[in-house]
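All values below come from the heavy atoms of this structure, side chains included, with hydrogens, waters and symmetry mates left out. Letters A, B, ... mirror the listed sequences (proteins, then strands); counts begin at 1.
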Amino acid sequence: MKFYITTPIYYPNSEPHIGTAYTTIACDVISRFYKQKNYDVFFLTGTDENSNKIIESASKLDKDPKEYVDDMAVLFKTIWKNLDIEYTKFIRTTEDYHIKTAQFVFKKLYDQGYIYKGLYEGWYCIHCETFWPSSKVDESKLCPNIECRRPLNYIKEENYFFKLSAFEDKLLKYYQENPDFVYPDYRFNEVISFTKSGLQDLSVSRKYNNWGIRVPFDENFSIYVWIDALTNYISALGYPFELDLFNKYWEVAHHMVGKDIIRFHAVIWPAILMALNLKLPQKIVVHGWLTYDNQKISKSKGGDIFNLKNIALSNDKIKISAIRYYLLREGSFGQDIPVSLERFKYIYTSELSNNIGNLFSRVLAIIDKKLNKQVFKESDFKYISLSFINEVINNFDKGLSNFNYSKAILEILNLADYLNKVIEENKVWEIKDNKLNQIMYELLYSLIVLNKMMYPFMPFISNSVIEQLNLDQDSLKWDSKVSEIINIKERRILFPKIENVDI
RNA sequence: GGCGGCAUAGCUCAGUGGUUAGAGCAAGGGAAUCAUAAUCCCUGGGUCCGAGGUUCAAAUCCUCGUGCCGCCA
């Protein structure tokens, strides 16, 4: 079994922020989840470096654009590493192999008649490299992008166009035949109604401006960054020059995207793939935005609520684990998610410290102090219901398989609650005779299962647990059996109380 | 304006024709002391947005209204 998951590639014209991290963590969790199930996983992320905005960002720092993107790529990789993001490949769209693929794709589309030269007339934002329809342009004639608002230019010029309009019927047919193509379903409905409303051809070139990928047969133009960016998903797998990885993984592709870029992934990209005669990705997974005060968190707004760079570079692995947990625990995946320090602190204290962390403490402490650090399986389970545990595991699996992260996390809490109840109801602290070993074995067994569930969200914590129990990495796999004798090597507090949230 | 969605406890939500409408959190009371003072139990609390309709039976289906949200390059 195999699985291919991608993040969007990120613009390195600013540093990654908590919203960027949310997307990447969501992919990492899924990737780790499938690895635990012994899937062959390919997890791709990277940077989208061919935008003209790069020139501007670089000049602000008095850097050469190439030097600038090199530095930013290092920063992204460092931050992802510190956040325990375990990607398979990091792609940069200024790399040779990617450029060759993007040009190959462009040429092939042109040769097949899907790209033609035409005349564009209308409003254009040079900074955003975006053509705006008159319906979006108000009297100020400023860029409709609220983060830009620079003056627009009215232009009339030649351009290369992609025949998106030719794919309307084929796309609608595909949507109908693949009702799970876009998740969640309400986003899919939007895609379908957009497509039904009629597709226009898309401008896919820009005047060459000493940066970006040139149109291979016309050096006056560069390839529109979005077209170049989308091809990263296949160039990273070697398409079309070395097809081993491509043949292996492309058919199980899952693109994780924010709701602002659905159209590129669920309409334009599929049309390009159809034009190339390639399979479409298995699923486009659309997440909402992190919000603060009802506004999308972005580099300019609310990024300081959770200062990602500080968090990542702090190397405070417990806090980083907690943030990974917090971001995916909240809300319903797909919807916007309000975040705040108060809420983070609350979740940390009540769920991670008091509930889960304390549960590990109380179980390990008893085994340490009263059973000489060792438990073993003496009989069939008498105190803990294995069918309950199996049901929890099934729900957890179903949740993550469907990108329902919060549901999966609620199953973690469900199991922790159950184990806390078992401890209370049996008053394990009063058990003195040889019954103690069996119940503690059952509890520790259950904690090892719980630890497997925690792993995709908080790999650092789960690794800490298996070190304490002197287990190996394989014990995190779903097909590994819990051994019949377990020793405690050492005890650690998993989530120390935090007095002040300093992020 | 067009298309779609939502409205259920203080909050976040589950509940698509069938007992007295549920969960988590918050609030109030109690128990326990293994544990990071962490946990467990109990209780209160709802005109299921409004009006009308279909039905033996409606939070659930239909119509209208109100309010909020999403998408419309």
In whole angstrom, what separates [X]'s [atom1] from [N]'s [atom2]?
{"X": "A/Glu190", "N": "B/rA73", "atom1": "CD", "atom2": "P", "result": "12 Å"}
{"X": "A/Lys407", "N": "B/rC13", "atom1": "NZ", "atom2": "C1'", "result": "14 Å"}
{"X": "A/Ile409", "N": "B/rC25", "atom1": "CD1", "atom2": "P", "result": "16 Å"}
{"X": "A/Asp260", "N": "B/rA73", "atom1": "CG", "atom2": "P", "result": "15 Å"}

request  = Please work out whether the ring planes of A/Tyr174 and A/Phe181 are parallel, tilted or perpendicular, with thresholds of 30° and 60°.
outcome  = perpendicular
inquiry  = Tell me whether the rings of A/Phe457 and A/Tyr405 are parallel (<30°), tilted (30 to 60°) or perpendicular (>60°).
reply    = perpendicular
Might you list the N or O atoms of the protein lying below 3.5 Å from N or O atoms in nucleotides 31-35 of chain B, with each pair's distance?
from, atom 1, to, atom 2, distance (Å)
B/rC34, O2, A/Arg362, NE, 3.2
B/rC34, N3, A/Arg362, NE, 3.4
B/rC34, N3, A/Arg362, NH2, 2.5
B/rC34, N4, A/Arg362, NH2, 3.1
B/rC34, N4, A/Glu424, OE2, 3.3
B/rA35, OP1, A/Lys369, NZ, 2.6
B/rA35, O2', A/Asn358, OD1, 2.5
B/rA35, N3, A/Asn358, ND2, 3.2
B/rA35, N3, A/Arg362, NE, 3.2

message = Apply side-chain hydrogen bond (donor to acceptor under 3.5 Å, both in side chains) to residues A/His254 and A/Thr6 and explain how you reach the verdict.
response = CA-CA 6 Å; A/His254 293 69; A/Thr6 68; over 6 Å; no
Could you work out which one of [options] sits closest to the side chain of [X]?
{"X": "A/Ser353", "options": "B/rG4, B/rC41, B/rU36", "result": "B/rU36"}
{"X": "A/Arg263", "options": "B/rU36, B/rC40, B/rA73", "result": "B/rA73"}
{"X": "A/Tyr346", "options": "B/rU36, B/rC25, B/rC41", "result": "B/rC25"}

remark   = By side chain to side chain contact (heavy atoms under 4.5 Å, CB included), A/Asp260 pairs with (sequence neighbours left out) A/Trp289, A/Lys296
Strand partner of [N], provided both Watson-Crick or wobble distances fall under 3.5 Å:
{"N": "B/rG52", "answer": "B/rC62"}
{"N": "B/rC34", "answer": "none"}
{"N": "B/rG22", "answer": "B/rC13"}

ask   = When you check the phosphate oxygens OP1 and OP2 of B/rA38, does a side-chain N or O of A/Lys497 lie under 4.0 Å from one of them?
value = yes
request  = Quote, to the nearest angstrom, the C1' distance that separates B/rA27 from B/rG65.
outcome  = 36 Å
inquiry  = Roughly how many Å apart are B/rA7 and B/rA51, using the C1' atom of each and rounding to a whole number?
reply    = 16 Å
note = Of A/Ala416 and A/Pro496, the one whose closest nucleotide on RNA chain B sits nearer the 5' end is A/Pro496
key: Given RNA chain B, 5'-ward residue of the pair A/Ser193 and A/Asn355, judged by closest heavy atom   = A/Ser193
key: Expected output: side-chain A/Gln103 to main-chain A/Arg214 donor-acceptor under 3.5 Å   = yes
ask   = Among all residues two or more places apart in sequence or in another chain, which pass the side-chain hydrogen bond (donor to acceptor under 3.5 Å, both in side chains) test with A/Lys108?
value = none
inquiry  = What I'd like to find out is whether the side chain of A/Tyr160 reaches to under 4.5 Å of the side chain of A/Tyr110, using heavy atoms alone.
reply    = yes
